Amino acid sequence: MSLLQPWMLFALPLVALPVIIHLIHRNRHRSVRWAATMFLLQANRMQKGMARLRYVLIMLARMLAVAAMIFAVGRPLVSGKLGGLGMGRPDATLVLLDRSASMESRDLQSGASKRSTALAKLTGLLKQRGHGDQLVLVDSASGKPQVIETPEALLELPMTQASVTRANLPSMFETALAYLKASEAGRADVWVCSDLSAQEWDAEGGRWQAIREQFTQMKGVHHFLLSYAESPANNLSVRVANVKRRPSADRAELVMDVHLEGYAQSGAKLALGRVPVEFEINRVRSVVEMDLKGGEASLLGHRIPIDSSLRSGWGSVTLPGDANPQDNRFYFVFSEPAIRKTLVVSEDGALGESFRLSLSIPAEPGLEHAVEVMPPAQAGEIRWDEIAMLIWQAPLPQGLVAEEIERFIQTGRVAIFFPPERPESAP
């Protein structure tokens, strides 16, 4: 057993206070012999033994009352089985909620996700066991402690709903530690709702040792983990990249790359299998089957014909339902490719025209390039926000133009420098 306020042990000598008061009152009155009281004294002697026992018991009760008050102020903590039975209601209850995508894995029979199942079970447990005066939620999306009024609020709050963000469990435990220290809570229950995904827990990271040591020093903190009896079922995820609109003679088409990944219950990649993939472009659907080999499948340069009048729009690629619906659909948008503008600054007009002709040829069909040529004397008129690439064939710029080119490069755009016709003279 330990005390949250161990300095109260210095008050233990106060247990003798009832005895001191008794001794003071005992010497307060003088005894006067009086013959008429002889019969009363004789009767008193007959009951002296019982009266003394009763007086001793009263004295012990008073001393125990003082000792109980001292221990109550000291806030004792009992460990082991006895401590678990007599733990009582905590001062604070913290809920660490994992809202990562893996927590949206669903039971195919009930349709409930791990997150919703954990919240429903935790709400019932908190109502049954009771919770502290401070009921605090730390969710993986925000990472900040938020006070909530009742356990029922866990089922309705926006910060407990589904999220596609990743969880950082070590950071969430550090947030819980900081809150407990700042609030000076004595007894605290920490409830963890997570599916123990290795990516979210980072078990091999170096932060857990320090977290464990700090929690060990807090004697009144108890941890509870909501576990899941069944492993998640097989899961497939889809990803789309390089979506482009390309015009043709009488119509247009979308070109894209589609990637699939599949994992079994054990965490290993899925074996061979055919997966139907649904494509939807502005509410027009088509289905293509992809072969899954070694847990992966790729469809590179997949073409979908569209109407030539459809200049922009949206689409999605969808997989059949499985344990985790969060990664079964990938949305994308498309539009006509933007005109790629290039500026050539050259002191030789003929050489600048050669640059213009070569750069006007698109790297791939459907792209349009616009090239402008100007002499160095007009560099102050350049509209830097309208060009994507700069070709400089002239003496190196100075002053404001050099600063504009430096900012141009820092924004991620391209500048290529060629030597001038005549070398610059030394300053």
Side-chain angles (χ1 to χ4, degrees), residues 98-119 140-141 160-167 193-200 228-246 252-307 310 312-335:
D98 181 352
R99 294 175 60 194
S100 61
S102 61
M103 285 290 286
E104 298 308 310
S105 299
R106 297 181 179 271
D107 187 297
L108 297 181
Q109 295 181 352
S110 64
S113 66
K114 290 181 176 180
R115 176 190 52 79
S116 60
T117 302
L119 289 174
S140 61
T160 62
Q161 303 308 309
S163 168
V164 295
T165 58
R166 289 186 58 181
C193 302
S194 176
D195 59 349
L196 302 180
S197 174
Q199 293 182 345
E200 277 73 32
Y228 299 90
E230 297 182 359
S231 301
N234 298 344
N235 181 60
L236 284 171
S237 62
V238 60
R239 180 171 54 89
V240 180
N242 301 324
V243 180
K244 300 176 182 177
R245 181 188 181 277
R246 289 181 178 174
E253 62 183 9
L254 287 181
V255 182
M256 66 188 70
D257 299 335
V258 183
H259 304 277
L260 303 184
E261 286 186 343
Y263 294 90
Q265 294 183 3
S266 60
K269 291 188 175 182
L270 291 175
L272 301 178
R274 296 182 68 85
V275 180
V277 181
E278 181 184 80
F279 295 83
E280 181 179 0
I281 309 296
N282 279 22
R283 303 189 184 281
V284 178
R285 294 179 172 86
S286 61
V287 177
V288 174
E289 288 191 346
M290 296 179 61
D291 293 325
L292 198 67
K293 297 181 180 179
E296 298 180 356
S298 295
L299 192 60
L300 304 179
H302 180 62
R303 302 172 183 267
I304 302 177
I306 59 175
D307 194 283
L310 190 60
S312 61
W314 64 273
S316 66
V317 179
T318 309
L319 299 177
D322 57 18
N324 186 5
Q326 292 292 106
D327 54 8
N328 287 350
R329 195 169 193 179
F330 194 102
Y331 289 93
F332 60 87
V333 295
F334 63 90
S335 63

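None of the values given here were measured: they were computed from a predicted structure. We number each residue from 1, following the sequence as shown.
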Any non-hydrogen side-chain atom of Val275 less than 4.5 Å from a side-chain atom of Pro320? yes
Is Glu280 paired with Arg329 through a side-chain N to carboxylate O contact shorter than 4.0 Å? yes
How far does CD of Glu261 sit from OG of Ser298, to the nearest 0.5 angstrom? 9.0 Å
Taking Arg115 for its side chain and Thr160 for its backbone only, find out whether a donor-acceptor pair lies under 3.5 Å. yes
Side-chain heavy atoms of Val317 within contact of Phe332, under 4.5 Å: yes
Side-chain contact test, heavy atoms from C-beta onward, threshold under 4.5 Å: evaluate it for Asp327 versus Val238 and give yes or no. no
Scanning both residues in full, the closest heavy-atom pair of Arg99 with Ala162 reads NH2-O, 3.8 Å
Rounded distance (nearest 0.5 Å) linking atom CD1 of Ile304 with atom CZ of Arg245: 13.5 Å
Counting C-beta onward and ignoring hydrogens, is there a side-chain heavy-atom pair between Phe334 and Ile306 closer than 4.5 Å? yes
Side chain Asn242, main chain Asp257, donor-acceptor under 3.5 Å: no
Any sub-3.5 Å donor-acceptor pair from Asn282's side-chain atoms to Trp314's backbone N or O? yes
Assess whether side chain to side chain contact (heavy atoms under 4.5 Å, CB included) is satisfied between Phe279 and Leu254, documenting all intermediate values. CA-CA 11 Å; Phe279 295 83; Leu254 287 181; over 6 Å; no
Does any N or O in the side chain of Ser116 come within less than 3.5 Å of the main-chain N or O of Ala112, such that one atom is a donor and the other an acceptor? no
Say whether, by atom type as modelled, one donor and one acceptor occur between the side chain of Ser194 and the main chain of Leu196 under 3.5 angstrom. yes
Is it true that a side-chain atom of Ser100 and a backbone atom of Thr165 form a donor plus acceptor pair closer than 3.5 Å? no
Looking at OG of Ser140 and CG of Asp98, how far apart are the two atoms once the value is rounded to the nearest 0.5 Å? 5.0 Å
Do Met256 and Lys244 touch side chain to side chain, with heavy atoms closer than 4.5 Å? no
Report the residues that fulfil side chain to side chain contact (heavy atoms under 4.5 Å, CB included) with Val255, sequence neighbours left out, ordered by chain and then residue number. Arg246, Glu253, Arg303
Could you measure the distance from the CG atom of Asn328 to the OG atom of Ser316? Nearest 0.5 Å is fine. 12.0 Å
Among residues at least two apart in sequence or on other chains, which ones pass ring pair (Phe, Tyr, Trp, His ring centres under 6.0 Å) with His259? none
